[in-house]
Structure formats: structure tokens, C-alpha cells
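These numbers come from a predicted model, not from an experiment.
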Amino acid sequence: MQQQGVEQLVEQVAQKLGRGLSLEDLDGVLLAYSSNQSHADRVRVNFLLSKKVPADVSAWQLSHGIATAVRPVVVPANQDLGMLGRVCVPLMVRGFRVGYLWVQQDSADENPTAILTQLPAVNHELETLSGLLLDSNTAESEFRRGREREFLAACSGEPNAVAAIAGWKEIQGRGPWQVVTVLDADGWAGGSDPIASTLIHRSAALQATIGVDSALFSAGTDTHSVVLFRELSGRANHAQVLVHYHLELAKRSGRPVQRIILGISEGFGRPRELAAAYRQSKLAAQAAAVDPQLGELVDCRATGVYQLLASAGGGASAWADSASVYFRMLEDHDRNGELLPVLELLYDNDGSVQDVATKLHLHRSSIYNRLGRIRQLLGVDPLKGMPRLELHAALKMRRWAGRPRI
């Protein structure tokens, strides 16, 4: 970190405002603070000594929405904590959250509006400070960016890139490997700024894999992240990365994150097989995004017919569920969405009426009634032979057509 520049800027802003300041990262770790303040409360004194925001103080601050705020937030005093009122200034670069600057009120009686009216005078300094914090971020260093570009090029099958990463110390002699695609199932399209989205995914992946020895390297794109693992039979390390990635993505994007998916490739032992493994991991993530029953930790081999839909000749233009006469008949008559969901659940649950009734919170007789309507409409038994195969495939084709385009 360009620590001297950061500390000087914090002092400069403190002098302009005439107030005590503290700068912390997204995890509540102290980065810098102003040297003089006439009214330091107990929380500030303890923070400067411990270099870390205590859990109870952090909970109070977070309860006022600082984690998602894009503008200054007033955090009122808390007598139980020994804390005067404060204004939290989220520091952001292109939508990427890099830290928080805290401005403490001088007394319990002071109106925080006085601080808010002063902040526009230091906008330039705050932008410069945000830039310095971004430059200090490990994921944003030029060396790291270059390696990530080379890794992603290798994932795309570029021969020179494949040869280059084969000699990396993180990779050489540490195979067999597997590729993992990390996907935000609901927010994969990101925002309007692909650069900011890429930085968020890169940083989330890097932070989520710290301390996971089997995670050898990570990179981010504007829609997802890619992690190279040593091949593992268990999934405990993958689950750890999933949990941490979920937390990091929410923290850095400033928005709720509902469902993170890890698509996992087959193992491979030669670097030139990296591109094929990457395609497998993307397929697994895409399939789980459109078919939640697959879960969040998804092996490519567990995606079933989606492997065929994604294979050569299985693109969006080649597969069309409307080509099925039976499916089209059902779709035209299923205006209320009562028939097709029941049919898909029956197929996915080995024809168990009881399981489907439980999942839909219906009586078994309701399921039998809907099955009877389907038989009457089609003139065939949808649970047997070729009609079953045709309809099940058409249902999965419809899901696959709505997959994330990553």
C-alpha cells in the first residue's frame, strides 16, 4: 500500500474539516487516522489501540446500512458503547467499494448536518484517497492483472498462454487439476460498467480463496470468476470458497447476493486440457443456474442432459422445445402453469406422486387429477416410453434456453 500517501491525505482532510478521522478497510481494520482530535470517544480510543472494529460496534454501524450505502451515512451516538455520533463516508471507485472514512462529531449535542455540509469541500481529496486504496488492492496490481489475463487466455485455449501458465510455480507439478466456475446465479449480468464488475469478481475470488491450499489461482471476468483447484474427491474446500465468495461479493458490490454456484469440471492432468475443463465448469454452473435442483456445488458429470444440450450442435438455434408437438400442445393449454411443473417434477423424482405432492404442497389426488388432464389432452401416457423422453427433454431444453450467457 502507498501508506505514506494515504496517511498524508487523511491528515489533510482532517485539517480541512477540523475533525478527527479514521480510515478502515471493508473488514473493519484500521488503515490510517488523523493525529489530533479534541474529543475522542471511547470507541475511537479503543479502535486506535486495537486496530480493529469490535463486533458490537461493527453491528451498530452495519445496522445503519453502511455496507450498501453509496453516499455518506449518519450513524447516531450509542451511550452503551461509549460512542459519539459519526458520519460514515463510503469510499468507492467505479462502483467498487474500497473502504470507509469515519468523521466523528465533536460532542453529543452537535448536529451531524454540520459534517455533511463540509464534505463537498473535500471531494477531490476523497477521490484521490479512494484511488490510492484501489491501487493498493492486491487484485488490482498490474502484475496480478497480467497473470489473470494470461490465465483466462489459457482457459480459452490460446496455445501460448497454455504453455506459459504450465510453468507457473502455482501450477507446475501440482496436478491433476480441476476448474471451477463461480457464478452469481441471479446477478451474473452485473451492472452497466463491465470494468467495475470484473474488478468485483476478481477481488471476491482472490479473497475467497485465501488460505485454501487446494485453490491454486483465481481470475475474474465481468460475469463470473474462475478458480483452478488441485483435483479433490471431497467438496469441503469448495464449500468454504462458496461461503466466503458469497460474503465477499455482497461486501464489495454493496447489494444482496442470493445464490452462488460453483460449477466443477472433471479432473485433468495436462495443461492443454484446461480449455475443455473450463467449458465443463461453465456448463455445470449454467445448468445449476436454470435448474436449482442441481444444487450449488455442481459437478459437470451430474448435469445430465444439459451436457448434450451444450455439446456441438446443441446451441440455442439447434434446440427448440417448440419442435415437440406434445410439448407445444401442453404449453398452449397450460395457461395457469399447473401441468408442466407437475410433469417435470414427476420426471425428476422417478414418478413419485407423493414426493411431487409434498414439494408442491398439494394433495396426491391433485397430482393424479393433473396427470389425468395431461393424458386426456395428449392422448398418450406422458409417463411411459417415447412421450416421456420427448417431454422431459423439451422441458430441459426450455430451461437451458434461459441459461446465463457467460
Side-chain angles (χ1 to χ4, degrees), residues 148-159 161-163 165-166 168 170-171 174-185 188 201 205 208-209 212 214-242 245 259-319 393 396-397 399-406:
E148 289 195 28
R149 284 193 295 268
E150 193 164 45
F151 176 71
L152 291 173
C155 287
S156 297
E158 205 282 332
V162 172
I165 72 162
W168 288 3
E170 299 98 323
I171 295 175
R174 303 192 71 182
W177 309 277
Q178 60 189 178
V179 178
V180 172
T181 291
V182 189
L183 177 67
D184 178 2
W188 63 271
H201 287 127
T209 53
V212 182
S214 57
L216 305 178
F217 194 77
S218 68
T221 75
D222 61 334
T223 58
H224 63 285
S225 299
V226 188
V227 182
L228 183 68
F229 273 81
R230 286 202 313 271
E231 185 181 14
L232 300 169
S233 57
R235 292 293 177 259
N237 286 349
H238 300 79
Q240 179 182 340
V241 169
L242 186 152
Y245 191 93
R259 184 169 177 249
I260 296 297
I261 296 167
L262 266 63
I264 305 168
S265 78
E266 294 291 293
F268 63 100
R270 292 172 292 187
R272 67 171 179 267
E273 298 171 321
L274 174 64
Y278 178 43
R279 288 193 296 272
Q280 289 177 346
S281 71
K282 284 201 297 183
L283 153 66
Q286 289 172 305
V290 296
D291 205 339
Q293 67 159 338
L294 293 173
E296 280 69 51
L297 295 175
V298 189
D299 288 273
C300 179
R301 64 172 60 187
T303 58
V305 73
Y306 292 113
Q307 297 171 73
L308 302 179
L309 300 180
S311 65
S317 60
W319 297 105
K396 296 309 179 186
M397 290 174 195
R399 285 189 179 275
W400 184 244
R403 68 193 179 279
R405 296 311 202 263
I406 59 173

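Counting heavy-atom neighbours within 6.0 Å of R301 CZ, excluding the residue itself, gives a total of 12 or less.
Side-chain contact between P292 and R399 is present, with heavy atoms from C-beta onward closer than 4.5 Å. Inter-residue side-chain proximity for K396 and Y306 is flagged as met; some heavy-atom pair is nearer than 4.5 Å. Under the 4.5 Å side-chain criterion, counting only non-hydrogen atoms from C-beta, V180 is not in contact with S225. At a threshold of 4.5 Å between non-hydrogen side-chain atoms, the residues D291 and T303 do not count as touching.
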Open item on the list: Quick one, V298 with L262, criterion side-chain contact (heavy atoms from CB on, under 4.5 Å). Give me CA distance, side-chain angles, the key distance, then yes/no.
Closed with: CA-CA 6 Å; V298 189; L262 266 63; over 6 Å; no
TODO: Begin with the C-alpha distance, continue with both residues' side-chain angles, and end with the deciding distance and a verdict on side-chain contact (heavy atoms from CB on, under 4.5 Å) for L228 and L274.
DONE: CA-CA 9 Å; L228 183 68; L274 174 64; 4.2 Å; yes
- [ ] Evaluate the side-chain contact (heavy atoms from CB on, under 4.5 Å) criterion for residues L216 and W168: first the C-alpha distance (whole Å), next the side-chain angles of each, then the deciding distance (0.1 Å), finally the verdict.
- [x] CA-CA 10 Å; L216 305 178; W168 288 3; over 6 Å; no
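Atoms CD1 and CZ, on I165 and F217 in that order, are 9.0 Å from each other to the nearest 0.5 Å. Taking CG of L183 as the start and OG1 of T221 as the end, the distance is 9.0 Å to the nearest 0.5 Å. Distance check: S218 OG to E170 CD gives 10.5 Å after rounding to the nearest 0.5 Å. A distance of 14.5 Å separates CD of E296 from CZ of R235, quoted to the nearest 0.5 Å. With values rounded to the nearest 0.5 angstrom, H238 atom NE2 is found 7.5 Å from D299 atom CG. Annotation: the span from Q178 atom CD to I264 atom CD1 amounts to 6.0 Å, rounded to 0.5 Å.
Applying the side-chain contact (heavy atoms from CB on, under 4.5 Å) rule to A277 yields the partners V179, S265, F268; only residues at least two apart in sequence or on another chain are considered. The side-chain contact (heavy atoms from CB on, under 4.5 Å) test applied to P271 returns V162, A166, W177, not counting sequence neighbours.
Nearest heavy-atom pair across E266 and Q280 is N-OE1, 3.0 Å. Considering every non-hydrogen atom in both T181 and S281, the closest pair reads OG1-OG, 2.7 Å. Listed here is the closest heavy atom pair of V290 and P404: CG1-CD, 4.2 Å. Nearest approach of R272 to R270, heavy atoms of both residues: NH2-NH1, 2.7 Å.
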Show me the donor-acceptor pairs within less than 3.5 Å that the side chains of residues 149-157 make with the rest of the protein, sequence neighbours left out.
unit_1	atom_1	unit_2	atom_2	d
R149	NH2	E142	OE2	3.2
S156	OG	L152	O	3.2

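Taking the six-membered ring where the residue is Trp, Y245 and H201 present parallel rings, their angle staying beneath 30° rather than reaching 60°.
Between the side chain of R174 and the backbone N or O of I171 there is no donor-acceptor pair closer than 3.5 Å.
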